[in-house]
Amino acid sequence: MKFFIDTANLSQIREANELGILDGVTTNPSLMAKEGIKGEEAIFNHYKTICEIVDGDISAEVLSTTYAEMVEEGKKLAAIHPNIVVKIPMIKDGVKAIKWFSDNGIKTNCTLIFSAGQAILAAKAGATYISPFIGRIDDSGWNGVQLIEQIARIYAIQGYESEILAASIRNANHIIQCAEAGADVCTCPLDSILGLLKHPLTDIGLAKFIEDSKKM
Ligand code: E4P
């Protein structure tokens with residue numbers, strides 16, 4: 001399973017990248033706004049900087065919602081750097097835009113996936129990645145990991161090539177569950193990635209080894 005970091009924060013992106021396990025980055029308008037990135041020039045420069053830090057797929061989300069506008073905006077985003085993946089919402093015009101990008105050799109990430117039906121449509125349109133929002137599904141009383149399992153089964157049976165990018169990750173356990181459920185990629189906040197490191201017995205064991213090493 002590939003690891004993406006789900007943030008527009010440059011210091012967190014650098015920290016995850018320095019771990020040596022990072023395969024890409026996802027952003028969205030909320031994450032960009034949180035970093036105070038405003039205006040087309042600043043937005044484009046920010047994506048360029050992220051591409052210079054991480055050698056992997058970088059999702060940049062369109063802000064428009066009509067087919068023609070999404071195609072125009074996506075073309076500009078894709079021109080920033082060869083690693084840009086155009087992130088398109090799962091709406092009717094979005095499906096049409098994904099098909100256009102797929103036909104024209106531009107990678108896409110279909111975002112805001114909450115059902116297997118949406119995952120099927122996005123795959124048929126040729127999305128490179130599809131992003132089911134695990135945490136938001138859990139928040140609304142459903143089971144996000146079960147959706148990953150269902151999509152993984154359908155894609156295996158049908159031979160769909162879109163990669164399942166588990167998004168809206170809330171904790172380290174979500175990452176483990178997504179790996180088990182067949183996600184191809186997990187995009188995670190830095191805290192959830194670092195959460196994978198933690199086990200109290202590791203800390204206790206290391207403290208004992210350090211103590212005993214003084215007797216060597
Ligand atoms: C990633 O592509 C999504 O935009 C992100 O994971 C959404 O996460 P949230 O539900 O924590 O906002």
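Order of listing sets the numbers, starting from 1, for every ligand and every atom in it. Quick caveat: nothing in here was measured; it's all calculated off a predicted structure.
Listed as neighbours of ligand 1 are D6, T26, N28, K87, F133, R136, A167, S168, R170, each bearing a heavy atom under 4.0 Å from the ligand.
Distance CD1/I80 to CZ/F44: 4.5 Å, rounded to 0.5 Å. Separating the OG atom in S11 from the CD atom in E35 is a distance of 8.0 Å, to the nearest 0.5 Å.
Only one option out of T111, N109, T26 pairs with S59 in a side-chain hydrogen bond (donor to acceptor under 3.5 Å, both in side chains); it is N109.
With salt bridges taken as basic N to acidic carboxylate O contacts below 4.0 Å, none links K76 and E73.
Each of V185 and V25 belongs to its own hydrophobic cluster when Ile, Leu, Val, Met, Phe, Trp and Tyr are linked at side-chain heavy-atom distances under 4.5 angstrom.
Listed by first and then second residue, the salt bridge (charged side-chain N to carboxylate O under 4.0 Å, His left out) pairs that reach into residues 158-175 are K2-E163, D139-R170, sequence neighbours excluded.
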